[in-house]
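The block underneath contains the structure these notes are about, expressed in structure tokens.
Reckoned from all heavy atoms, side chains included, excluding hydrogens, waters and symmetry mates. Note that this is a predicted model, so its numbers are computed, not measured.
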Amino acid sequence: MSLTRQATLLLVGALWLAILGSLGLHAVGMQEALRQQLEVRNRDGASLLALALSQQGGDPTLMQTVAAATFDLGHYRRLALQGADGRVGFELQAGERLTRAPRWLVSALPIQAAPGSAQVSDGWREIGRLEVSAHSAWAYETLWSTLQRTALLLAVLGLLAAAVAVAVLRAWQRPLDVTVAQAQALEEGRFVIADEPRAPELRRLTRSMNSMVQRLHQWFDAQAAQVDALQQQAHTDAVTGLANRRRFIGQLDSAQSAAPAHVGALLMVRVQDLQGLNARLGHEAVDAVLSAIAAALQSYPNQVTGAFVGRLNGSDFALALPVAGLADETAASLMQALRVSTAARAGEVRLVIGGVDGVGSLRPPALLASADAALARAEAIGPFAVQVQRGAADSAVQTGSQAWRRGIEQALDGQRHRLAERPVRARDGSLLYLACPLQLQFEPDGEFLDAGHWMALAARSRLLPRVDLAAVELALQAIAGDASRRCVQVAAASLAAEGFIEQVQARLERQPDAARLLVLEVVEPAADPQARALRDAVAAWRGSGAQVGIEDRGGSLQGRSWLQSLPLSHVTIGSRFVAGLAEDGAVRDYARGLATLVHGLGLRLVATDIDATADLAALWQLGVDGACGAAVA
Amino acid sequence: MPCPLSLRCASPNPPRRRRRLAWSAGRALRAWVLGLACVVAPTHAWQAGPMAAAASRLGAPARAALPALQALLGSLPRAPHAEQLRQVNQFFNLRIAFRTDAEVWARDDHWASPLEALDKGAGDCEDYAIAKYLSLISGGMAASHLRLVYVRARLGTPGEPPAGQPHMVLAYYAQPQDEPVILDNLVPTIEPASRRPDLTPVFSFNSEGLWQGVGSAQAGDPLERLTRWRAVLLKARAEGFL
């Protein structure tokens, strides 16, 4: 039985006991007082009447008259004169006068006073003994009315006391509930800090739990810092400090997937004949040259928001610009700067720049290939040549963005969409869930295209909420069909869209059984303002029965303290962050650190697009909970 | 004052009468206690210890009179009634001077216990009557023989109303219906009532029916102290009489 109920019962019991006890004591006290009163009346009555009878000269008639008068005019129940010889002289008795007091009261609390007695004499001669009993009916009525009044008063007081007690109990309940809620949150893997209640006992408890949570926060911060450092290590070029190829491509990818897409142009810088340079100048001098090139390139991210640089391989550097159309001037000024910075070192350094202006919807591989081609053409021309190629797709995109938008809308309106199914399996081969990316069919009877083709455009056209909603509906239908757990992705931008969270919740509540088997994966909600939207989404969707996970797109973990306090189901990490971990120790360390962090928070870690079996084996070794991709069956 | 419930519990076998249950039970209890008193109490009905203690509390005259009083009380049980009456009458008539309460106690009316009266060496008519009554009772005489009587006494003093003035005497009845003899402080001898035409009886009483036993339950009852007669009986009991 809950403490509150026990306390309530105890309180009610004690109040009842107090009320009944007081009432009982009062009743008994009154009974005694009334009895004493009656007894005094009996005695006094007897003395007075005996005195009166003694003045009648022993005349029986006179005596009886006096007695009758007294009896009739007074409150007497019995008058009796017993002669000296033992015989009864006369006896006057009243019938049993009914009192208004209930019968049970009369039998429970009898008021029985001893009759008064006195001697009656005539002159010197004793006539006999007089016994007088006064009536007790009025006494019972007094007793009854007093008891009723007292009971009423006690009942009112009792109710007041009960009301006060209930209020106090409820006031106690609140901090208790807060404490219990915190404990439950801890059980669910949500590490939250609660306000300390005022009651000392609860305060101590909350304080201990809070300090435990804080210790976890500290661990998380330390671990996140470590993982970030490992990530840096895995993704940074040692010599120049620029992003390495993997990281640069990843940045390219995420920049292109953002809404609106952040990549307008790509420039590549190549140091010609690096090996020869190494032989002639020595490694140190060459490293210095490379650092100088890096420094010159780094000025662009510093001045232009959205630009980022990387070192793709020993001799190749890349610079991504957010906006198209400026690549020519940028490339020219970059070449100037580079010539200046490298001329000081040695006149032996030969550079070429190639680039693509207008990225459009080219994915990183195609984009890099294009830029590479431009670089090759520049090399053919000669050292310090600059070759910038117009991205053919860009103009198509410029004029065709409207067409793309219309195309997406028509595909959605015409229900020309479907979900692909990619199984995510655990180490033992069991199916965790089916990852279901949405595919759109732009031409009727045409191909179903993956999100890679149209996601950036959908983002720019602000059609992501519609797309994600369609994916949720399709997934719910599919689950209703085969009762298999499925996962769909939801863009972070969709969360911010007005009404999106409620619309998804409505769909979930329409099919509660299917909702229970649905996992919604939110893609990289990085900055804090969106964490509020994420919190709302998690609360709403979990409330409807679904589960929520997130996809990590490589951002810093340190800012993501909400990871500790939200009841998520899993964290997904893409292959470009963990690919090659079988060979690359730095990547493996990063993956291990990430796994420790995620597991420490009680979440599962899932890796996607794992195509190499060696990578898969290494991931299982690190304790990753699920994987999906070509290497997985 | 014990409540009817406790009387019911205390008495061993209360006789079952409908409405007088409690009163009958009380009577039974008193009989039981009295019987007990006869078994465990000392053979005389007065107690020397409390008497001596009370006397020492009161003062030197009381202490001085105590041996004579105790000798008197000791001699009573063996003597015939007439001799008892004579002894007691003479004892108190000689040792107590007739004064009003106002003179003795500076109060309008005060019923003194025997020791108090002996201590003051003076008292009024009630004090004589009470002292003689209590001594005779303590000497073992049954209360049914004795009555304290309110009378009107025609002393013949100038200014006295024709009916007489209020007075109290002690009357002894050899048998209940007999003519009594009067023990009085106005007249030194004990005379039959017919030979006392100057006295007209108004009302009489004694302690019959009131508690006479050894139990002390009634000592603290405020009602008992409110009646003069019962109050003086309480005092007497505390002094070892009764």
Side-chain angles (χ1 to χ4, degrees), chain A residues 28-44 46-58 77-78 80 82-86 93-94 96 106 108-133 135-136, chain B residues 1-8 17-27 29-30 143-152 169 171-173 175-182 192-197 199-211 221-224 226-227 229-230:
Chain A
V28 169
M30 275 228 69
Q31 178 202 33
E32 181 56 26
L34 289 166
R35 195 195 60 79
Q36 277 190 340
Q37 265 193 42
L38 270 180
E39 216 164 78
V40 167
R41 289 204 55 218
N42 289 350
R43 287 190 214 158
D44 289 353
S47 303
L48 282 171
L49 187 55
L51 183 58
L53 291 179
S54 300
Q55 309 312 308
Q56 305 311 316
R77 193 166 51 86
R78 182 172 175 272
Q82 199 174 25
D85 48 5
Q93 260 191 357
E96 192 60 51
V106 173
L109 295 169
I111 302 175
Q112 282 162 344
S117 74
Q119 286 143 350
V120 179
S121 55
D122 157 45
W124 296 110
R125 193 168 56 97
E126 182 194 342
I127 294 177
R129 188 158 213 92
L130 179 71
E131 251 184 33
V132 170
S133 280
H135 225 301
S136 55
Chain B
M1 179 78 66
C3 82
L5 282 170
S6 69
L7 276 177
R8 229 176 272 144
R17 281 174 207 150
R18 274 69 47 197
R19 276 177 210 91
R20 299 188 333 192
L21 183 63
W23 182 65
S24 313
R27 267 193 114 188
L29 174 67
R30 279 195 286 277
S144 53
H145 288 297
L146 297 166
R147 311 283 284 277
L148 292 133
V149 190
Y150 284 95
V151 299
R152 297 196 315 261
V169 298
Y172 167 83
Y173 294 78
Q175 297 293 327
Q177 294 299 314
D178 284 357
E179 187 192 30
V181 293
I182 311 298
S194 49
R195 294 247 210 98
R196 296 293 309 271
L199 300 177
T200 312
V202 176
F203 190 52
S204 61
F205 64 97
N206 63 10
S207 60
E208 248 184 331
L210 295 178
W211 28 266
D221 193 329
L223 284 178
E224 299 307 311
L226 286 176
T227 329
W229 174 225
R230 289 170 190 251

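Within the 4.5 Å cutoff, the side chain of B:V151 has heavy atoms near those of the A:W124 side chain.
Contacts between B:Y150 and chain A at a heavy-atom distance below 4.5 Å are absent for every atom of the residue.
Remark: B:F205 CZ to A:S47 OG distance equals 10.0 Å, nearest 0.5 Å.
Checking side-chain atoms of A:Q119 against main-chain N and O of B:N206 turns up a donor-acceptor pair under 3.5 Å.
In terms of heavy atoms, B:Q177 sits closest to A:R125 at OE1-CG, 3.8 Å. In terms of heavy atoms, A:S121 sits closest to B:S204 at OG-OG, 3.4 Å.
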